[in-house]
There are 2 protein chains.
Amino acid sequence: MAASSIRFGPGCTKEVGMDFKNLGAKKVMVVTDSTVAKLDAMKQVIEGLEKEGIAYEVYSKVRVEPKDHSIREAIDFAKPYAPDAFLAVGGGSVIDTAKLMNLYTSCPNADFLDFVNAPLGKGLPITEKLKPLIAVPTTAGTGSETTGTAIFDLVSKKAKTGIAHRNLKPTLGICDPLNTRTMPSAVHASSGLDVLCHSLESWTAIPYYERTPRPTNPINRPAYQGANPISDIFSLQALRSTVKYLPRAVKDPDDFEAQSNMLLAATLAGVGFGNAGVHLCHGMSYPISGQNPGYKHAGYAVETPIIPHGVSVAVTAPAVFKFTGASNPERHLAAAECFGVDISQVKAESAGEVLGEALAKFLVSLGDQPRGLKHMGFKREHVDELVEGTIPQQRVLMLAPNLDVQNVEEEREQLRGLFEEAMEY
Amino acid sequence: MAASSIRFGPGCTKEVGMDFKNLGAKKVMVVTDSTVAKLDAMKQVIEGLEKEGIAYEVYSKVRVEPKDHSIREAIDFAKPYAPDAFLAVGGGSVIDTAKLMNLYTSCPNADFLDFVNAPLGKGLPITEKLKPLIAVPTTAGTGSETTGTAIFDLVSKKAKTGIAHRNLKPTLGICDPLNTRTMPSAVHASSGLDVLCHSLESWTAIPYYERTPRPTNPINRPAYQGANPISDIFSLQALRSTVKYLPRAVKDPDDFEAQSNMLLAATLAGVGFGNAGVHLCHGMSYPISGQNPGYKHAGYAVETPIIPHGVSVAVTAPAVFKFTGASNPERHLAAAECFGVDISQVKAESAGEVLGEALAKFLVSLGDQPRGLKHMGFKREHVDELVEGTIPQQRVLMLAPNLDVQNVEEEREQLRGLFEEAMEY
Ligand SMILES: NC(=O)c1ccc[n+]([C@@H]2O[C@H](COP(=O)([O-])OP(=O)(O)OC[C@H]3O[C@@H](n4cnc5c(N)ncnc54)[C@H](O)[C@@H]3O)[C@@H](O)[C@H]2O)c1
Ligand SMILES: NC(=O)c1ccc[n+]([C@@H]2O[C@H](COP(=O)([O-])OP(=O)(O)OC[C@H]3O[C@@H](n4cnc5c(N)ncnc54)[C@H](O)[C@@H]3O)[C@@H](O)[C@H]2O)c1
Ligand SMILES: [Fe+2]
Ligand SMILES: [Fe+2]
């Protein structure tokens, strides 16, 4: 398990000036979006930088759920400033954009597609050591402050994809629960559903010793190595916390205890899935978001249609875990138990079904979630294109239990079945 | 929480040659003791180094439970070889010795006491970045492969002490359960009792927000910061595993599942206590080991008297947790529950007593443990010296709940009570 440094605690945001000083940074590129730019977290970090006399410039035009062109604009902004460190203040959209600004200013001659996951991009490993990046999450969701992943929409291919390499990992994640208090209820919910799927997918991913090919040199081992005894601890703990605290955090804006615990759960799940990987919910979510027929999720302060990442992963979850149940009934039952299901009488054959039902019930009780793809405007005729958009997500599909990745025709059939099942729950 | 890289899995020892190659190392100092030198783990690492054509020299004279003079000898051996990396293969004694060989070859002009914990040494921070150190634990105990601590006996002061700084942390810990199979049952037991106390002490240490003084600059934050939500996860999981698997690992040399889980628990507890800290069992253990009246623990292949570290921490545990119970009854009850105690009817006032009893029962059922200091040859007349040997252990005592560290007379009284209580359980 590779490591990430995390600081957790209310009020720790303002220390960021000292952190940059300790790193020897003199010129920091601060990355945020137009909403977060106005929040207290930004005020705290700017005060921290100014107190230490560190020069900085702010880029606040990050696009919510970034697209390749929004990332390119951000890179073009960063290059002439030539920062010696980066600071991301925001949700996954901001942190991911900052990772890529760091990557492409450190490798100025690289082509944009060089590092993008194959087969959409060339999937080259990052050999350069990047500049220090400190991430201050303001959502409790992606865990991007701990991972080596950056996700965006590759518009020409109508698919979300990304770049994954350990060198993208932030130097430090500053997890301050004071920063997530202002999230709208809809952002609490969708970023929390991302945590739910990170934990469930990494907990049920194929075990690390079954993942093939196994690179002989450990340095070539992928970030996503399959479920393992260390990731398990993070994933299961994050799952338990999410089931307990997400409904409270969504419903009561003053429930600071629930919000703090969700931020911690997001970070723990980030460490868990950042090592074990995610699988079907995430693999299928990328075409769902990329091929959005026009759905605009309520509560998001954006002008264009949007299926927020957390909503796009959770919508297939009841179908996915029903499907994967047979691969490891014990783990699926343990997960169902986290939702309060009495599993003492449940037969192993029903493990997937029972977990799928528990998930559907949880999503319904959370409120304001589309009860299936149908409710976002997807129709049966979209299924083929959704399947074709999923097939290239090899990096995560190879961790999916029960999926026949060796036989692409069979794999297509299985994915078709999953999308059809996910039309309504 | 600062990070450490860990690899876990049967058979991963042989990859160490590639790891050094990836680190660019050309000349490795291999550190071990005379028993471990003959084991398969050493064969694996030597083969790995030779396969990659990396030069190495072996130092196999590490003393079990090192003393200052044994550490100095090891440093004197390393200096002329001028290695560019270190590899420790063994238990805590070996890993700690290798950390100090690394430290003092990297800071050749430093005085031995410069970095030793105050007030016994000068307690200076380590400003030098040390050479890479890979640690391959062969016991399931200290967690030293994850921590920035090295412990030894300062003979002139008749006390165990050590050096603690994040720069001492190994670059990578290679946790291969194939390597712990050959431990004698007594070493399984005592190293496992170390895990038990690491997890219990870090779980019950004062919370991070009560620890004073709180350094303003995060870089000056100590390795031991008090219990916190991340260390809690590691500590509690390690405690659960130890209660479940240690008795099996001690009793059945062929129970590979139990042994693997104990190695993982040792590493997890290392991450937990390496961040949160330990307190009374460890603080009191240092004079217990250092002032040994002549006890020689059965099953240890050494010629001189020895109270193994794990035995010295566990012997006071029933008394310690009875004493600390009132500080946080909820946590003490949660710990008691890990031992299978039905806590539904237990009152908060009895939390410490209940946990203390559960611990005594666990130690007795493990077998071959001295049932108190009396059984190691300590008498009432030794108590004052034991107390005086504990007082300087400020670094850990400041994390002890319920202990009045502001008032040294009161503190002495409390410690005296604890040692007297620990005479017999
Ligand atoms: N890198 C990874 O490992 C990883 C993992 C999962 C998802 N992602 C990606 O992260 C993105 C989603 O990130 P997200 O869910 O964190 O949300 P986000 O960054 O897209 O933010 C969602 C909305 O909430 C607003 N917002 C954020 N914090 C706020 C606060 N404290 N108060 C008020 N408003 C706030 C933002 O301005 C935005 O409008 C997606 O692009 C997704 O694909 C990345
Ligand atoms: N650095 C830390 O964070 C930390 C924490 C706790 C304890 N310690 C220190 O670590 C030391 C104790 O270390 P330990 O408990 O790991 O034991 P150890 O290293 O002292 O070894 C105990 C005995 O077991 C033998 N041995 C080790 N592995 C074996 C194997 N696989 N097969 C057969 N024999 C084997 C050794 O040769 C030795 O005789 C003490 O000095 C203690 O103070 C350090
Ligand atoms: Fe996600
Ligand atoms: Fe210890």
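Note on naming: letters A, B, ... go to the chains in the order of the sequence lines (proteins, then strands), and numbering restarts at 1 for each one. All of these numbers come straight from a predicted model, not from anything done at the bench. The basis for the numbers below is simple: all heavy atoms, side chains too, and nothing from hydrogens, waters or symmetry mates.
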Quiz item: Which atoms of B:Leu268 come close to chain A, meaning under 4.5 Å heavy atom to heavy atom: side chain ones, backbone ones, both, or neither?
Solution: side chain

Quiz item: When rounded to the nearest 0.5 angstrom, what is the spacing between CG in A:Leu264 and CD1 in B:Ile233?
Solution: 5.5 Å

Quiz prompt | Heavy-atom pair count under 4.5 Å with chain A, highest-scoring of B:Leu172, B:Asn261, B:Asn217 | solution = B:Asn217

Quiz item: To the nearest 0.5 Å, what is the distance between OG1 (B:Thr216) and CE (A:Met18)?
Solution: 5.5 Å

Self-check item: Pairwise distance CD(A:Gln237) to CD1(B:Ile230) - rounded to 0.5 angstrom
Solution: 11.0 Å

Exercise. Not counting sequence neighbours, which residues clear salt bridge (charged side-chain N to carboxylate O under 4.0 Å, His left out) with B:Lys21? List them please.
Key: B:Glu52

Quiz item: So what's closer than 4.5 Å to chain B heavy atoms on A:Tyr208: side chain, backbone, both or neither?
Solution: side chain

Quiz item: Can you pull out the residues in residues 136-143 of chain A with any heavy atom less than 4.5 Å from chain B?
Solution: none

